[in-house]
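Data first, discussion second: the structure below is written as structure tokens.
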Amino acid sequence: VQLQASGGGLVQPGGSLRLSCAASGMFFSINHMDWYRQRPGKQRELVATISSGGSTDYADTVAGRFTISRDNAKNTVYLQTNSLKFEDTAVYYCHAEVERRGYAPGNYDYWGQGTQVTVSS
């Protein structure tokens, strides 16, 4: 299973970016999908999560500005980031918990390669 993230870039404060992350490979289903970020000098932190049924949750630092969504038909999760601040500068990583059946059944964690978001004037 591979997760391919895209959509990062350089943006001014107050701007917006839409991050995407597509899952590919052999699996039965995808449970929850998440976005994490790692700011310079900080540990990786959970930004937003979305369940297979569409329930969402956000870190307090981004609630009201970021929106997570998913397209189950495309196995893709999105993160719409609005009203970006300097402190949102980070490498953003997507994560998925994937259910596999058949050989070695169970739930597995997969990570995307990270996409850089830089907020600068």
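Not measured: the values here are computed from a predicted model.
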Atom pair CE (M33) and CG (L79), whose distance is rounded to the nearest 0.5 Å:
12.0 Å
Is Y58 reachable from W35 through a run of I, L, V, M, F, W or Y residues, each pair having side-chain heavy atoms under 4.5 Å apart?
yes
Would you check if the side chain of Y78 reaches a backbone N or O of D71 as a donor-acceptor pair within less than 3.5 Å?
no
F66 with L46, same ILVMFWY side-chain cluster at under 4.5 Å:
no
With rounding to the nearest 0.5 Å, note down the distance linking CD in E97 to CG in N31.
4.5 Å
Contacts under 3.5 angstrom, residues 114-121 side chains, donor-acceptor by atom type, not counting sequence neighbours:
unit_1 : atom_1 : unit_2 : atom_2 : d
T115   : OG1    : G8     : N      : 3.1
Q116   : NE2    : A90    : O      : 3.4
Q116   : NE2    : T118   : OG1    : 3.3

If hydrophobic clusters are built by linking Ile, Leu, Val, Met, Phe, Trp and Tyr wherever their side-chain heavy atoms come under 4.5 Å apart, do L3 and V47 end up in the same one?
yes
Set of salt bridge (Lys or Arg N to Asp or Glu O under 4.0 Å) partners for R100, sequence neighbours left out
none
Which residues pass the salt bridge (Lys or Arg N to Asp or Glu O under 4.0 Å) test with D88, not counting sequence neighbours?
R37, R65
Run the side-chain donor-acceptor check on residues 15-22: report pairs under 3.5 Å with partners two or more places apart or on a different chain.
unit_1 : atom_1 : unit_2 : atom_2 : d
S16    : OG     : N82    : OD1    : 2.9

Calculate, to the nearest 0.5 Å, the distance between atoms CG and OG belonging to N107 and S29 respectively.
7.5 Å
To the nearest 0.5 Å, tell me how far N75 CG sits from S24 OG.
8.5 Å
Same apolar cluster (I L V M F W Y, side chains within < 4.5 Å links), V91/L10:
no
Nearest 0.5 Å, please: how far is OG1 in T56 from NE2 in H32?
14.0 Å
From CA spacing to verdict: side chain to side chain contact (heavy atoms under 4.5 Å, CB included), R70, S52
CA-CA 9 Å; R70 63 190 284 175; S52 57; 4.2 Å; yes
CD1 of I50 to CD1 of I30, rounded to nearest 0.5 Å, is 11.5 Å
Across all chains, not counting sequence neighbours, the salt bridge (Lys or Arg N to Asp or Glu O under 4.0 Å) partners of R44 are none
Counting distance only, does the side-chain N/O of Q113 pair as donor-acceptor with the main-chain N or O of A5 below 3.5 Å?
yes
Residue pairs passing the ring-ring contact (aromatic ring centres under 6.0 Å, His included) test with at least one member in residues 102-121, sequence neighbours excluded, are Y36-W111, H95-W111
